[in-house]
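Heads up: the structure comes next, in C-alpha cells.
Each chain gets a letter, A, B and so on, in the order the sequences are listed, and its residues count up from 1. The figures here come from the full heavy-atom set of this structure, side chains too, leaving out hydrogens, waters and symmetry mates.
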Amino acid sequence: MSLEMTIKQRDNNQGIPNLEAFSNTLQDLAYKDNDIIVVTSDSRGSGKLVPFGEKFPKQMVEVGIAEQNLVGIAAGIASTGKKVFAVSPACFLTARSFEQVKNDVAYSDNPVNLIGISAGVSYGALGTTHHSLHDYAALRAVNNITILAPADNYETEMAIRFAAMTKEPVYIRFGKKPMPYISKNKDFEIGKGRLIKEGSEAVIIATGETVFPSIEAAAFLESHHGVSAGVVSMHTIRPLDIQLLSDLAAKYPVMLTVEEHMVNGGLGEACASYLLQKGKHVKFKIMGIPDEYTVTGSQLEIFNHYGISEKGIAAEVMKLIE
Amino acid sequence: MTIQELAFKSLDYRKKILKYIKLANAGHTGGSLSCIDILNILYNEILNVLPHNFSDKNRDRYIQSKGHSVEALYVVLADRGFYPESLLETLCQYQSHFIGHPTKKIPGIEQNTGALGHGLALSVGIAIAGKMDRASYRVFTLLGDGELAEGSNWEALMAASHYELDNLVIILDYNKLQITGPNKEVMKLEPLSPKFEAFGCSVREINGHDLASIKQTLQDVPFEKGKPSLIIAHTIKGKGVSYMENAIKWHHGVPNDAQYQQAMEELEDRIINLQTIVPQ
Ligand SMILES: [Mg+2]
C-alpha cells in the first residue's frame, strides 16, 4: 500500500494484519525497484505473498521447505547487491537456519532482511514447534543484526521501507492477526522507541503485538485506579533506545516490560541489563511467556493466560505501585 | 601458463603452505595440500579475478566451502597480487586479519566460510542472481568430502538443479579422509557420482592432482546446458609430502623442525626433477 493509504487507514484506526501490511509495502517497493527480491520456503501463502509472486515472478525465488537453504541462498543473492527479503515463519527462520543467519548473513555482512512471519505465539494451538519465543534472545546474541518488532501496520510499513534501504542485516517479526493503529503520531525512527502515551506513576514498555494490550491496560489503570501510566512502543529491540530508557527511568518510579517472547533474553532483560549497569533503579517487572511448557490456546488465550492483557498488565502495575 | 609452469607453481605453493603453517604453528595441512592443485588452476587459468577487478560485478566468484583449507587460498591470493605475501607471517597471530578460515577482510575473498555445509547454498544464491541479471560470471565452489554429511549441501544441490544453474561449478576435493578417519568409516558417501547425478548435476571425475586434466575439465564447463557442473576431483590428503600423504594425523598438524626440513627437501627435489625432465 502507499504511505498515504496507510496514513488514511491509521486515521480511521482500521488495521489489517501486519503480515498483509508487509506484503503490500513490498509490492509497492517492487513496482519501482526490480532489485527487490523475495525468497520463500514454501511460505508465500502464509506470507501473503501470492500477489507479489503473480506481479513480480522474476523477483521471487522459491526454495521449498528448506530454511537453511532459504537463508544461505538469500545471503548469496544479497551479496550481489540485491535487496533480499527472506520470508519464513519466525520459528523456523530463527532456529532451523540459525547458523546461516549467524555466519552467512550477520558475520558475512550480507544484508538480508529476515522476515519472521506468524511470530511469537501467532500459531496458537499449533504448539511449541511453531512458536518463536526465542528469536530476540537468539539474535541478540549475534553481532550485526537490527531486531525490529512493529506494533501496527504503520510501524510495519516503516520497518520494511527501512529494511529495503539499509545495507545491514535486519530481522523483522510480526503476527497474522489484524492490528489496530496504536498512534496517530507519524514519528517512527529505527532505534527510537515511540512514546505512545505519557504518564507519571508507571511506564509500560512493550513491543510488537503486546503494545496494543499495554495501551488498553494504561486506559484501564486510569479509569479504574486513577493511575497514570505511560506506554512506549519499543519497536527496535536492537539497537536499544538507551537514551529513552534513561529518561524513562528518571521520570517513572515503576517500569514494566511486555513482550511476546520468553521472559529470558528478550526486551525486558535488555532493558534491565542496561538500567542496572547504569545504576538506575526502578521497580521493575518483565512480562512475557514464562520459562515453562507453553499453555495450549489461541494467541489471545495464551496472552490472557500469562497476563498479557488489559487487566493482567494493569494488575502487575498495581502490584509494583503498592 | 604451460603445464610445466603450473607444476612449478603447485610445488612452490606447497612449500609456502608449509612455511606459513609452521610459522603460525597452526593450520589445516592435509586439506590445503590436497586442494592446492585445483586452486592453482582456478586462479591462474580459469577465474577472471584479479586485484584490479575484484569489485567488478561480472567477476567470476570462488567460494571455498571447505574453509579450513584456507592456507592454500591465502598463498594463492598472495601470489596473484591481492596482498604482499609477507602479511601471511601474521597468520593466526593476535589481531591479524588472516584467521584460520576465509574472511572477507582479506582482499580477494568473497565470503566468510568455515562452518561446513554453507558454501554451496551461498554459491547457489550468487548463481541465481547471475541468472536474474543475465550476467556472464560463473560461480565456483570447493567442497570437502567430510562436509557432504551436512544436509544443507543436498538442499542446495536440489535448488541448483531446480534453477538449472549451469553457471555453477561445484568441485569436490575428494581426498577420502576427514578428521576422525576415512569417510567410509565416519559416514559412507559412496556411491557418490550417481548421487550427484540423481540430484541433477552433470558429473565428471578427474585426478585432482593432474594439472592438465583439471584445466581441461574446468575449461569445459558447463558440461551440459541447464545443469550445474560437478567435478569429483580424486585427491590425496597431504599430497606432495611423503609422510603426510593419506595420514589422518595431518588433517591439522604442524611439522616439527626435522619434519619441516624433510618436507621442504622433498618438494625441492621435485622442483629440481621438473627442471631436469623438461628443460626450460
Ligand atoms: Mg576430506
Side-chain angles (χ1 to χ4, degrees), chain A residues 30 33-42 56-86 88 92 95-114 142-144 167-169, chain B residues 54-65 67 99 101-106 109-135 137 139 141 147 150-165 167-168 199:
Chain A
D33 187 351
N34 52 20
D35 272 344
I36 300 274
I37 306 294
V38 168
V39 191
T40 52
S41 50
D42 199 17
F56 311 103
K58 289 181 178 157
Q59 288 166 250
M60 191 158 210
V61 178
E62 176 63 68
V63 303
I65 305 169
E67 291 80 14
Q68 296 181 70
N69 216 23
L70 171 87
V71 177
I73 287 175
I77 299 173
S79 77
T80 68
K82 295 186 185 295
K83 299 160 186 171
V84 182
F85 290 78
S88 188
F92 311 129
R96 185 60 157 269
S97 40
F98 184 60
E99 193 180 77
Q100 280 76 12
V101 170
K102 167 181 168 264
N103 293 340
D104 305 339
V105 176
Y107 172 48
S108 272
D109 250 321
N110 289 316
V112 176
N113 302 304
L114 300 156
V142 173
N143 172 51
N144 194 32
K167 296 268 185 269
E168 284 161 17
Chain B
F54 191 63
S55 53
D56 184 337
K57 285 203 103 170
N58 270 323
R59 72 188 183 279
D60 292 326
R61 308 303 205 273
Y62 170 69
I63 312 293
Q64 187 163 312
S65 191
I99 63 170
H101 289 102
T103 155
K104 288 158 82 171
K105 287 200 171 138
I106 303 305
I109 292 185
E110 294 281 356
Q111 293 291 334
N112 299 348
T113 51
L116 296 171
H118 286 247
L120 188 47
L122 282 165
S123 302
V124 166
I126 300 169
I128 287 174
K131 289 281 180 190
M132 283 173 173
D133 293 342
R134 297 177 192 280
Y137 67 76
V139 188
T141 185
E147 72 170 315
E150 294 281 8
S152 50
N153 285 308
W154 304 93
E155 293 183 9
L157 278 177
M158 273 196 267
S161 149
H162 181 86
Y163 286 103
E164 302 181 355
L165 299 179
N167 54 349
L168 174 66
F199 273 74

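Remark: the backbone N or O of Ser108(A) is paired with a side-chain donor or acceptor of Lys104(B) at under 3.5 angstrom.
Closest approach of Leu122(B) and Ala75(A) over heavy atoms only: CD2-CB, 3.6 Å. Taking every heavy atom of both residues into account, Gln111(B) and Asn110(A) meet most closely at OE1-ND2, 2.8 Å.
In this structure, Ile37(A) CD1 and Ile128(B) CD1 are separated by 10.0 Å, a value rounded to the nearest 0.5 Å.
For the pair Ile73(A)/Tyr163(B), no side-chain contact is recorded, criterion being any heavy-atom separation below 4.5 Å from C-beta on.
The interface of residues 151-159 of chain B with chain A, defined by heavy-atom distances below 4.5 Å, comprises Ser152(B), Glu155(B), Ala156(B), Ala159(B).
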How far apart are the C-alpha atoms of Asn103(A) and Asn112(B), what are their side-chain angles, what is the distance that settles it, and do they pass the side-chain contact (heavy atoms from CB on, under 4.5 Å) test?
CA-CA 7 Å; Asn103(A) 293 340; Asn112(B) 299 348; over 6 Å; no

Could you walk me through whether Met132(B) and Lys82(A) pass the side-chain contact (heavy atoms from CB on, under 4.5 Å) test, one step at a time?
CA-CA 11 Å; Met132(B) 283 173 173; Lys82(A) 295 186 185 295; 3.9 Å; yes

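For Leu70(A), no part sits under 4.5 Å from any heavy atom of chain B, backbone or side chain. Interface remark: Asn34(A) contributes no atoms to any contact with chain B (heavy atom separation under 4.5 Å).
A donor and an acceptor atom, one from each side chain of His118(B) and Glu99(A), are located under 3.5 Å apart.
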